[in-house]
2 protein chains.
Amino acid sequence: MRWAAFLWEGASGGARRRPGVSNLLLVVAAASSGGLVAYADSGSDAAVEKPQLPQRKKVVVLGTGWGGTTFLRNLDTRLYDVQVISPRNYFAFTPLLPSVTSGTVEPRSIVEPIRRVLEKKGEEIKFWEAECFKIDPQNKKIHCRSNLGTNLDGNGEFLVDYDYLVVAVGARVNTFNTPGVVENCHFLKEVEDAQKIRRSVMDCFERASLPFLDEEERRKNLHFVVVGGGPTGVEFAASLHDFVTEDLSKLYPSIQHLVKISLIEAADHILTMFDKRITNFAEDKFGRDGIDVKTGYKVVKVSKDAITMQNPGTGDISVPYGMAVWSTGIGTRPFIVEFMKQIGQGNRRVLATDEWLRVRECDGVYAIGDCATINQRRVMEDISEIFRVADKDKSGTLTVKEIQDVLDDISMRYPQLQLYLKSKQMNGIADLVRSAKGDAEKESVELNIEEFKKALSLVDSQVKFLPATAQVASQQGQYLARCFNKMKDAEEHPEGPIRIRGEGRHRFRPFRYRHLGQFAPLGGEQTAAQLPGDWISIGHSSQWLWYSVYATKQISWRTRMLVVSDWARRFIFGRDSSCI
Amino acid sequence: MRWAAFLWEGASGGARRRPGVSNLLLVVAAASSGGLVAYADSGSDAAVEKPQLPQRKKVVVLGTGWGGTTFLRNLDTRLYDVQVISPRNYFAFTPLLPSVTSGTVEPRSIVEPIRRVLEKKGEEIKFWEAECFKIDPQNKKIHCRSNLGTNLDGNGEFLVDYDYLVVAVGARVNTFNTPGVVENCHFLKEVEDAQKIRRSVMDCFERASLPFLDEEERRKNLHFVVVGGGPTGVEFAASLHDFVTEDLSKLYPSIQHLVKISLIEAADHILTMFDKRITNFAEDKFGRDGIDVKTGYKVVKVSKDAITMQNPGTGDISVPYGMAVWSTGIGTRPFIVEFMKQIGQGNRRVLATDEWLRVRECDGVYAIGDCATINQRRVMEDISEIFRVADKDKSGTLTVKEIQDVLDDISMRYPQLQLYLKSKQMNGIADLVRSAKGDAEKESVELNIEEFKKALSLVDSQVKFLPATAQVASQQGQYLARCFNKMKDAEEHPEGPIRIRGEGRHRFRPFRYRHLGQFAPLGGEQTAAQLPGDWISIGHSSQWLWYSVYATKQISWRTRMLVVSDWARRFIFGRDSSCI
């Protein structure tokens, strides 16, 4: 057996068959005799000879989504005592959720038990299927509650200590307080959601087939409404359309002409985060497919039978529907809102971290993925300090040389600087200095503090917020794991930029997101792809790129094989329409 | 498009692009104008030349299990106007349900939409996802209710006419009114049940892993109880044991030694319907595997935390448990009980049919599968008529020759006769006559009515009741479809035995069950098989026989491929333990 039996950390401090934790005493309260019995560990004599490693710090990871799982996979778990807490005991490959709604891919093909991920690392598995409902940063404790029934003592609540806490709990759905959404709409964030949608689509078809309905009732049941024209909503609408035309039309021949799919978007276009060419292509394709794209409409109410939406031109209109999927925006989980109040972020919408993913004013707490956002420090906030650091000879003015000497550090710390130069098509800082001075001739120009401020005054307009995507969460998890792995090294050999408001260097480079491209599958084996460097690719070739990227990115060989065989199954036999 | 659009039968009488139903007038009530508009079908001129087939009779099939689906697959649907009504829009390969509970096979791999089954026959699909709640045999109507939400007019209830009704609704679980079973136990009859069990097993493991539990609580959560030592219960226990030892022990190393599986059976042995050698082997194997087989215990109460059972020796004992599966016996569905009262079968436990699967005293109603049982007519009930029919020369005595002349017909009508001869190791009727006369010498012995009665007096002891298995239901469906297909032919050329209490011959041979063997998978790649002719096979070779039979018997190439690839996936990657 590769795994040593373990005891709960809080009770024993960790009993392992590993060097470092020896001389173990198990104190067992023998309830029957009322006395206390102490056992000496049988390996305690031998352990004296083993090297004494320091007690490992406790890392608690909240969440098993993209952020948490990538962090765990990359973390050197020998260095830390890791506990994972999540209401889901598995990782889900969420980009394939829209495929699950139509049965192109099976739910089990995109999930991997987190215990298996941990097992592969050869470490003891400390996973608790529970939800954190309160963080206590003063005492470095979190309060958790098991969601597995209520027949546990103490209502299933328990406390966990941490030295480092990695918050990767993701976001909740944002209904913008629209009445009736929670009661009547489906969401598409979890595997269970996708399963429910699939079943619900089939129910609509079966309901519309019932013998005693009039055509209006049938039409109502077969009206599928997608609220939100982002990538998820668009992909769901496309995949539902494929399901209907490729598979269900054969099985429900008498009602297939009554099916209608509507995509409602409050903005003027769908897929606004993509290039204009992709947006246009998608809108055209949906038009040809008969998907009714309603842009400029805001949903204001959802009742059991109808969706009410608003448009400045039309006023309120109500349309009957059979099933609705709400896929617009994300919100902050309630316990994170509470946490934010505790740490003085009560007036913010999303939990803020610094560029090293540390929650501000909160020792040892990190946040990654959709539950947090990086608060990129503005150049103008630090402009005097930057000037002071750069002005090595304390002359009160900066030469281009002086600026260039600190440029790497400044760019590392404030990535907006490089983006600004690029956006202005400047080749280097000299161009910026020249533009500030309005003097294109002199090379050895010097800037005083006011001129320096003027030169950089617009740089902060290039501060970018990261999208709430799997790619960002995953890169953050990977980055943070690397930081944790090199924590000791970096104390001695810091690799980050110069501290502007302090001495020495930061231990690590700040997190930097590298955009690897984004897909928008549009149905009918056509996909739009926005690749790095603003490359655009639309059509069948992108669909094959999509297949290969998504097969490659699978978390394990098992899920890879399953996803690929699901695709093959769909090509050969079509999608299943059983109501299970 | 292969499918013509169709209208609801009750409204139009059937509009099809097929010969036979032509000269169609669609009368559309144009609600907007308040008037009536009549359209002539465009094909009506051409149709004059087509042969005029009579209006097809309406066959309504209730249920999409083994009986109903096999009936539909074998029925010549060109001859009838077929409607199918079932709360499940799919057929499920139920013998693999125990495999689904542990994730050896995925639920979707064993289901096939009934619409796809109907589509393959090239006929119009008339399937209504609804439940029949009342049969009205006087008016030849059934009352149905859709179970798809309540936002339908009239509470989702509707009426369907039939000329022939095939009742194949299966059975419900029998709890024997044991208190707490419905609330606290899982059943294993439907695909949803198997999915719930799988999720519940994982929940028990996650619950038992929680940090704040004492060992007793952990043991309780990991105590899996199976009530009922029949093939389903035994297979579930075995497959759960495999799941725990092969997969979960690696992922839950600290608690795996606390797992306990108990199998509770009221009789003295498990698998009582199998040969004694199989029973012994199974009990021994389970003993070695650590599955606690408790025979002679009757469960009398199930509470949230404990199962109470009784044994004459021990009295009541209560054991705490984490999850319980109730798999003991089947009962009659409430609407069938009502129906039985209406047709004078109120004092019976199960709906009775004759040997042609017709519900007695109920014109045009057939019942197959677990919802009914065949009431084999006794020889002694008809003994005088049999004598009369056989006594061709009206001599008042029967010669062996006379008996032999009608023997084929008698054996066909009363299969117990052949079974009796076989059980007594008699070669033919002559032996029986001789034994009755106590006279082994004379060949041309004659029997009077009293002697004839004496000779056959014990024959009815060999009347066999059919087990409630997929095999029986499937053979009945096939048999009944053949009868329906040859209904017309058989009027003119009856192929059944002589009518004992009437003139001429029965139209069809009575249904005869052919036992093809039964499997009992016992876990660890070992299966016991009881094959025809009382052959017994136990071990790995039977497991491979099991694999090949179950792969072959799949309803479609799709499910066959999926089941086989599920098995392959399990061999390579093990079973998934995600809580979905």
Scored by heavy-atom pairs under 4.5 Å with chain A, the best of B/W557, B/F91, B/Y252 is B/Y252
*Would you confirm whether A/T559, through its side chain, and A/I110, through its main-chain N or O, come within 3.5 Å as a donor-acceptor pair?*
no
One option among A/M561, A/E192, A/R88 has the most heavy-atom pairs under 4.5 Å with chain B, and it is A/M561
| With a 4.0 Å cut-off, would you call B/E216 and B/K220 a salt bridge? | no
### Message
Using a 3.5 Å distance criterion without hydrogens, assess whether the side chain of B/R570 forms a donor-acceptor pair with backbone atoms of B/T104.
### Response
no
One option among A/Q195, A/E106, A/E190, A/E112 has the most heavy-atom pairs under 4.5 Å with chain B, and it is A/E106
Cut-off 4.5 Å, heavy atoms of chain B, and the answer for A/L562 is side chain
Exercise. Does the side chain of A/V259 reach to within under 4.5 Å of the side chain of A/L248, using non-hydrogen atoms?
Worked result: no
Looking only at B/V111, B/D203, B/I580, most heavy-atom pairs under 4.5 Å shared with chain A are made by B/I580
- prompt: Heavy atoms, side chains only, cut-off 4.5 Å: are A/L159 and A/C144 in contact?
  reply: no
Applying a strict 4.5 Å limit to non-hydrogen atoms, the region of A/E206 in contact with chain B is both
